Amino acid sequence: QVQLVESGGGLVQAGGSLRLSCAASGRTFSSYAMGWFRQAPGKEREFVVAISRSGGMTRYADSVKGRFTISRDNAKNAVYLQMNSLKPEDTAVYYCAAGDYSGRYSAYDYWGPGTQVTVST
């Protein structure tokens, strides 16, 4: 079992940057692909990015491609999301998830409580 906790969210102006972190407990972190999802008010949770167990493969939603970068450190049981050139439409609660390498919500078994990202104009 894996427990996940996100951090690094906050308020930033459009064009700015934030780096989210997700800390995982348990000794099986490297057994899971990791993903970031987000949910804006009144909208469904949507896929942002995923990274494979080794970190060798990544996949991004078109809306964040070229602006966001995912990475992981299996020695530290952590995954990161570097977000650059932020836009107001990036405003959402961001969730870290552990599971199978996929863009599908249902592929992930474990979820963090989320961290709020707000991008102002």
Side-chain angles (χ1 to χ4, degrees):
Q1 193 166 357
V2 177
Q3 292 184 325
L4 305 171
V5 179
E6 304 92 340
S7 61
L11 174 64
V12 64
Q13 287 189 331
S17 298
L18 281 175
R19 187 185 192 225
L20 304 184
S21 298
C22 175
S25 65
R27 290 177 286 182
T28 60
F29 176 74
S30 60
S31 299
Y32 296 94
M34 300 297 296
W36 287 94
F37 289 73
R38 66 187 182 186
Q39 188 166 18
K43 295 187 177 181
E44 292 186 352
R45 195 169 297 190
E46 65 172 354
F47 170 75
V48 177
V49 61
I51 189 167
S52 62
R53 290 176 292 177
S54 67
M57 294 188 297
T58 57
R59 59 184 298 180
Y60 292 85
D62 288 343
S63 58
V64 306
K65 203 172 292 184
R67 299 188 298 121
F68 290 12
T69 303
I70 191 172
S71 61
R72 68 186 296 165
D73 186 337
N74 286 344
K76 295 183 178 179
N77 280 12
V79 63
Y80 309 99
L81 182 62
Q82 179 67 43
M83 305 186 296
N84 298 328
S85 302
L86 282 161
K87 304 175 181 180
E89 51 263 44
D90 295 318
T91 294
V93 177
Y94 283 70
Y95 298 91
C96 170
D100 292 330
Y101 182 65
S102 173
R104 293 181 293 110
Y105 174 93
S106 59
Y108 293 86
D109 300 312
Y110 304 102
W111 293 82
T115 186
Q116 176 71 46
V117 171
T118 303
V119 184
S120 64
T121 56

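In this text, all values refer to a predicted model and were calculated from it rather than measured experimentally.
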Quiz item: How about Q116: does its CD atom have over 12 heavy atoms from other parts shown lying under 6.0 Å from it?
Solution: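 Yes, the 6.0 Å shell around CD holds more than 12 heavy atoms from other groups.
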
Self-check item: Atom CZ of R67: over 12 foreign heavy atoms under 6.0 Å
Solution: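 Yes, because the 6.0 Å sphere around CZ of R67 holds more than 12 heavy atoms from other groups.
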
Mind checking the [atom1]-[atom2] spacing from [X] to [Y]? Nearest 0.5 Å is all I need.
X   : Y   : atom1 : atom2 : value
S30 : N77 : OG    : CG    : 7.5 Å
E44 : Q39 : CD    : CD    : 8.0 Å
N74 : M34 : CG    : CE    : 9.5 Å
C96 : Y80 : SG    : OH    : 11.0 Å
K65 : R59 : NZ    : CZ    : 9.0 Å
R38 : E46 : CZ    : CD    : 4.5 Å

Sub-4.5 Å side-chain heavy-atom contact between [X] and [Y]:
X    : Y    : value
V117 : M83  : yes
V49  : F68  : no
Q13  : S120 : yes

Quiz prompt | Main-chain N/O of T91 paired to T118 side chain as donor or acceptor, under 3.5 Å | solution =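 Judged by distance alone, no pair lies under 3.5 Å.
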
Quiz item: Got a donor-acceptor contact below 3.5 angstrom from the Y101 side chain to the T58 backbone?
Solution: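 Yes; at least one donor-acceptor contact below 3.5 Å.
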
Hydrophobic cluster identity match, [X] and [Y], side-chain contacts under 4.5 Å:
X    : Y    : value
Y105 : Y108 : yes
W111 : Y94  : no
L81  : Y110 : yes

Quiz prompt | Identified side chain to side chain contact (heavy atoms under 4.5 Å, CB included) partner of L20 from the options T115, I70, V79 | solution =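 Only match with L20 under side chain to side chain contact (heavy atoms under 4.5 Å, CB included): T115.
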
Practice problem: Determine, for F29 and R72, whether the Lys NZ or Arg CZ falls below 6.0 Å from the six-membered ring centre while staying within 45 degrees of the axis. | Solution: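 Geometry flag: set, cation within 6.0 Å and 45°.
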
Quiz item: Cation-pi between R45 and Y95: NZ/CZ under 6.0 Å from ring centre and within 45° of the ring axis?
Solution: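 Cation-pi check for R45 and Y95: passes.
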
Considering non-hydrogen atoms only, spot the tightest contact between [X] and [Y] and give its length.
X    : Y    : result
A107 : S102 : CB-CB, 3.5 Å
P88  : T121 : CG-CG2, 3.5 Å
D90  : S85  : OD2-O, 4.4 Å
A24  : L4   : CB-CD2, 3.6 Å

Practice problem: Please state whether the rings of F47 and F37 are parallel, tilted or perpendicular, taking 30° and 60° as the class boundaries. | Solution: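 The rings of F47 and F37 stand perpendicular, inter-plane angle above 60°.
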
